Amino acid sequence: MSLLEHFKELKNRLFLAAVGIVLAAIVGWFLFTPVFNSLQQPLLDAAERTNTTISVNFGGVATALDMRIKMAFFIGLFISSPWWIYQLWSFVTPGLSKKERGYTYGFIGAAVPLFLAGALLAWLVLPHAVDILTAFVPEGAANLLAADVYLSFVMKLLIAFGLAFVMPVLLVMLNFLGMLSAKSLLAAWRWAIVVAFTFAAIMTPTPDALTMILVAIPIVVLYFAAVGIAYLHDKREAKRMVELDQELEGY
């Protein structure tokens, strides 16, 4: 494919991914109430434990409608994750051999659960973060959080953690494309650990080190798992090349 054809293919894949997200967002519109109640629950639990007023506040006339639309697309992003992840993989499959294209379902089968697992980890961290951050509210004071600020923060947190968990799968994909070797990945292990802990420190909304470590460890483990898979792939490819050379020498 020429460069222009690659851009056209990318545009088509992005369009298909967007259509899938929009259709899933329609379902997300009707799931707004239970999802909103779940996201608000950590605040209500913190308010009950500290005996203070902590709640989400819709300050503007159109804030509720705006947040419902955003939440619908947020929910749609998770519902349609198998579809848009498939579109991502389909964009790079022309660069793979016929045998490697057979790994499509394996890629999706790993990427989707990891994306959801990353979001789940962020969800498990959220109540702990809310407890710590709301503990600074003075006695007798009320903490009325702007709905758009709080919900946007939660949505970005879940999406960021989901994408972070998918990154090792993308590294494996680059290895299968021949753009990144296992040796290069292993050589960068120190930087990978630094990046994992930096990401955890930035994205974890709590000042304690324990939460940061608990968030960073799964990312580091997934990175080394990606290195292991890339190593096995490179070893298999090297063996195949040796066998091919031997066959050519035989002729």
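Note that the structure is predicted; figures quoted are calculated from it, not measured.
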Trainee: Please identify each residue that fulfils side chain to side chain donor-acceptor pair (under 3.5 Å) with Asp234, with sequence neighbours left out.
Mentor: Asn175
Trainee: What pairs with Ile26 under side-chain contact (heavy atoms from CB on, under 4.5 Å), at least two apart in sequence or on another chain?
Mentor: Leu23, Phe30
Trainee: Could you list the residues that satisfy side chain to side chain donor-acceptor pair (under 3.5 Å) with Asn57, not counting sequence neighbours?
Mentor: none
Trainee: Which residues satisfy the side-chain contact (heavy atoms from CB on, under 4.5 Å) test with Ile79, sequence neighbours excluded?
Mentor: Ala24, Val27, Leu31, Ile75
Trainee: Do any pairs count as a ring-ring contact (aromatic ring centres under 6.0 Å, His included) and have a residue in residues 182-204, sequence neighbours left out, and if so which ones?
Mentor: Phe161-Phe199
Trainee: Return the set of residues passing side chain to side chain donor-acceptor pair (under 3.5 Å) with Ser184 (not counting sequence neighbours), or none when no residue passes.
Mentor: Ser181
Trainee: Restricting to side-chain contact (heavy atoms from CB on, under 4.5 Å), what partner residues turn up for Val195, sequence neighbours left out?
Mentor: none
Trainee: Ser38: what forms a side-chain contact (heavy atoms from CB on, under 4.5 Å) with it, not counting sequence neighbours?
Mentor: Trp123
Trainee: Give a yes-or-no answer on whether the side chains of Gln41 and Asp45 include a donor-acceptor pair shorter than 3.5 Å.
Mentor: yes
Trainee: Going by the rule ring-ring contact (aromatic ring centres under 6.0 Å, His included), which residues pair with Trp83 if we only count those two or more places apart in sequence or in a different chain?
Mentor: none
Trainee: Just jot down the ring-ring contact (aromatic ring centres under 6.0 Å, His included) partners of Phe32, sequence neighbours excluded, or say none.
Mentor: Phe36
Trainee: Supply the members, apart from Leu232, of the Ile/Leu/Val/Met/Phe/Trp/Tyr cluster built from side-chain contacts under 4.5 Å; use none for a lone residue.
Mentor: Tyr231
Trainee: Among all residues two or more places apart in sequence or in another chain, which pass the salt bridge (Lys or Arg N to Asp or Glu O under 4.0 Å) test with Asp66?
Mentor: Lys70
